[in-house]
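Please read the structure below before turning to the comments.
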Amino acid sequence: MNIITRFAPSPTGSLHLGAVRTAIFNFLFTKRNKGKFILRIEDTDQERSTNDSLDEILKSLNWLGVDYDDGPHIQSDRLSIYKKIAQDLVDKNLAYKCFMKNEEIEELKNQAAKEKKVYRYPRTWRDRTDHPENAKYVIRFKTPDSHIIEFSDTLRGTIKIGSDNLDDFIILKSDGYPTYNFSTVIDDAEMGITNVIRGEDHLSNTSKQTLIFDSLNKKPPLFTHVSMILGKDKTKLSKRNGSKSIQDFKDEGILPIAILNYLARLGWSHGDQEIFTLDEMVDLFDINNLTKSPAIFDEDKLKWVNSQHLKRLSNNDLLKVVKVDFYQGINIDLALSSAKVKAKDTIMLNESLKFCESELIKIGDEFIDDLYTKDTKEIIEAFYTDALDLKSFEIKEIKDCMNIFLEKRGLKMKQIALPLRIILTGSKASPGIFEVISILGKEIFSKRIEHYLES
RNA sequence: GUCCCCAUCGUCUAGCCUGGUCUAGGACACCGCCCUUUCACGGCGAAAACAGGGGUUCAAAUCCCCUUGGGGACGCCA
């Protein structure tokens, strides 16, 4: 059987990590099995759904490289379908119209809270036929009494829940929109979804959805409820405990593959391997090899994974993510090679390559003490004179030149490396000094030294 | 409160299904040392866990039960 899966976010905010992880699992699983991956937008909450959110979700998925084969299907385009099926269920006496007013429900909820009980809809309209004319109503599902609801989960086995724990839940709201449990089931059935991979927080919804599948005479898909990602405080990830959106990570210089890798490794593993390419993940991913317990999000490790991918990136690919205008004459290849091994994110990378952007660099006032002593100036000038004689500005030549210079003058590397670094990069932190000189090349090197000597 | 899920180092995890090779392996973070021209990278090392109690068995991190702990759900949100 061909695998068909879906990722079904609701456009009520930016894409967050938990959602992204289920998207990744669906994506990997589907690719692994050469199936079809559908994107479906569950915008049945008129109040909270926004186009901006939808745009951001699409943008983020695209940036991550989580591509879908079909969609996005928008649920609000399909209202007539849900309405019709809800009405069918009413006609079959499997659902019913409920005319209870909001105020009445509020009252019941308050009452329940007072008695420290959980509110349950009292089935007031379940069997009534004295329906008011032109009044607003919702459609509720007739949850059967004392029935054992059973469904299976590929990770957790068979799960059984007594129907008495559920009340007559709403499937169609008074604004004519379906509720989540209803539209999800209809779409999963209509779209031929074979595998539903979603967060563990949906486990309790699955019992309701099983009931709906039954009422529709449809076979439910195979469920896999993936463990949740928790914040540092061990509760569901939310803005409160530091959850960031994909956009945030992008802005912080995290690579898409690092997010994919880190998030996939949260709950999934392949022996001791920590770093995966996308192809490797697709190749190795096994839905049956997921951890059942929740995992705490650790930004330090994400950063580390990011640094590992940064190191592995080819200079060609690196050029696409780096935001540096290399000045003409800069040895870009060498610059990238020496910068990428040290950076943890692309922000750092950009920062460390700043000295490559122009012919001259600005030297901050804080370095005056380090640079403008008579000795320093004299040493730099002397080394400069030697360096000018070099035919090639390869690292090796520069190094040899330096060693001869130091020996000749009885100096230590330390005495010249720091000022030279500041003069050439405007910073105390940079790639190795020989690399820096080689990256700049003879011309820019000379310009910067002369500029210093003249100041 | 009710229902559901889960339980190996601080964190992510390997091992669990198919008991013995586990004096429990790896990674992040932390600490120490080394490398060193800065910042880093890297290398080496240390510390660090089978929640508790009962079973089953010659043998349990691994199987079963209970307790405890954690998480999730209980919306005209998804």
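The sequence lines fix the lettering, A, B, ..., with proteins before strands; numbering per chain opens at 1.
Remark: the separation of the P atoms in B/rC28 and B/rU36 is 23 Å, to the nearest Å. Going from the P atom of B/rU2 to that of B/rG15 covers 36 Å, rounded to whole Å. Comparing B/rC65 with B/rA47, their P atoms sit 37 Å apart, to the nearest whole Å. The P atoms of B/rA46 and B/rC5 are separated by 42 Å, rounded to the nearest whole Å. Between B/rC17 and B/rC30, the distance separating the two C1' atoms is 35 Å to the nearest Å. A gap of 15 Å separates the C1' atoms of B/rG52 and B/rG70, to the nearest Å. Across B/rA61 and B/rC50, the matching P atoms stand 11 Å from one another, rounded to whole Å. If you take atom C1' in B/rU23 and the same atom in B/rA48, they sit 16 Å apart, rounded to whole Å.
Here B/rA29 is the nucleotide among B/rA29, B/rA27, B/rC4 with the atom lying nearest to any side-chain atom of A/D300. Which of B/rC12, B/rC6, B/rU13 sits closest to the side chain of A/I296 comes down to B/rC12.
Per the geometry, NE2 belonging to A/H225 stands 12 Å off P belonging to B/rC5, to the nearest Å. Separating the CG atom of A/L166 from the P atom of B/rC4 is a distance of 12 Å, rounded to the nearest angstrom. Straight-line distance from the CG atom of A/N288 to the C1' atom of B/rC16: 15 Å, rounded to whole Å. Between the C1' atom of B/rC28 and the CZ atom of A/F297 lies a distance of 12 Å, rounded to the nearest Å. Between the C1' atom of B/rA27 and the CG atom of A/N261 lies a distance of 12 Å, rounded to the nearest Å. Distance A/E299 CD to B/rG10 C1': 17 Å, rounded to the nearest Å. If you measure from atom CD1 of A/I275 to atom C1' of B/rC12, you get 12 Å, rounded to the nearest angstrom. The distance between atom NZ of A/K292 and atom C1' of B/rC12, rounded to the nearest whole Å, is 18 Å.
For residues 145-155 of chain A, the set of pairs meeting the salt bridge (charged side-chain N to carboxylate O under 4.0 Å, His left out) definition, not counting sequence neighbours, comprises A/R123-A/D145. Contacts classified as side-chain hydrogen bond (donor to acceptor under 3.5 Å, both in side chains) and involving residues 401-413 of chain A (residues at least two apart or in different chains) are given here: A/E378-A/R409, A/D386-A/K408.
Taking A/K340 as the reference, A/N315 meet the side-chain hydrogen bond (donor to acceptor under 3.5 Å, both in side chains) condition, with sequence neighbours excluded. Here A/H131 pairs with A/F99 under the ring pair (Phe, Tyr, Trp, His ring centres under 6.0 Å) rule; sequence neighbours left out. Applying the side-chain hydrogen bond (donor to acceptor under 3.5 Å, both in side chains) criterion to A/T124, with sequence neighbours excluded, gives no partner residue. Scanning for side-chain hydrogen bond (donor to acceptor under 3.5 Å, both in side chains) contacts around A/E274 gives A/R265, A/K301, with sequence neighbours left out. Qualifying side-chain hydrogen bond (donor to acceptor under 3.5 Å, both in side chains) partners for A/K142, counting only residues two or more places apart in sequence or in other chains: A/N93.
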Listing, residues 110-118 of chain A side-chain donor-acceptor contacts under 3.5 Å, not counting sequence neighbours, or none:
{"residue": "A/N110", "atom": "ND2", "partner": "A/E106", "partner atom": "O", "Å": "3.4"}
{"residue": "A/Q111", "atom": "NE2", "partner": "A/E115", "partner atom": "OE2", "Å": "3.0"}

When you check every protein heavy atom under 4.0 Å of nucleotides 32-42 of chain B, what one-letter string (B, S, -) results, 5' to 3'? -----BBBBSS
Protein-proximity profile, nucleotides 71-78 of chain B, B/S/- by nucleotide at the 4.0 Å heavy-atom cutoff, equals SSS-SBBB
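Using N1 to N3 plus N6-O4 or O6-N4 for Watson-Crick, or N1-O2 and O6-N3 for G-U wobble, each under 3.5 Å, B/rG1 pairs with B/rC74. B/rG69: Watson-Crick or G-U partner is B/rC6, with both key distances under 3.5 Å. Shown here, B/rA60 forms no base pair; nothing in the strands shown gives a Watson-Crick or G-U wobble contact with both key distances under 3.5 Å. Partner assigned to B/rU21 is none, using Watson-Crick or G-U wobble distances below 3.5 angstrom. Across all strands shown, nothing is found opposite B/rU37 as a Watson-Crick or G-U wobble partner with both distances under 3.5 Å.
As judged by a 4.0 angstrom heavy-atom cut-off over every strand, A/S227 is placed among residues making no nucleic acid contact. No contact: A/G162 has no heavy atom under 4.0 Å from any strand.
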Give me the distances for all protein-to-nucleotides 61-66 of chain B N/O pairs that come in under 3.5 Å?
none

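Between A/T206 and A/R198, the closest side-chain pair of non-hydrogen atoms falls below 4.5 Å. You'll find the side chain of A/K83 stays beyond 4.5 Å of the side chain of A/Q87, heavy atoms only.
Place A/L302 and A/K160 on RNA chain B by their nearest nucleotides, and A/K160 ends up nearer the 5' end.
Base orientation for B/rC65: anti, the chi torsion being more than 90° from 0.
Screening A/I197, A/D201, A/T291, A/I287 against A/V226 for a side-chain contact (heavy atoms from CB on, under 4.5 Å) leaves a single residue, A/I197. Of the residues A/I254, A/I259, A/I257, the one that meets the side-chain contact (heavy atoms from CB on, under 4.5 Å) test with A/N306 is A/I254.
In summary, A/R140 and A/D167 do not engage in a salt bridge, as defined by a charged side-chain N under 4.0 Å from a carboxylate O.
Proximity of a side-chain donor or acceptor of A/S438 to a complementary backbone N or O of A/F434 within less than 3.5 Å is not detected.
Within residues 346-354 of chain A, no residue approaches RNA chain B, by heavy-atom distance under 4.0 Å.
The distance from the CG atom of A/L79 to the OG1 atom of A/T44 is 9.0 Å, given to the nearest 0.5 Å.
The base of B/rG26 sits with one of its N or O atoms less than 3.5 Å from a complementary donor or acceptor on the side chain of A/E274.
Side chains of A/S227 and A/S293: no donor on one and acceptor on the other come within 3.5 Å.
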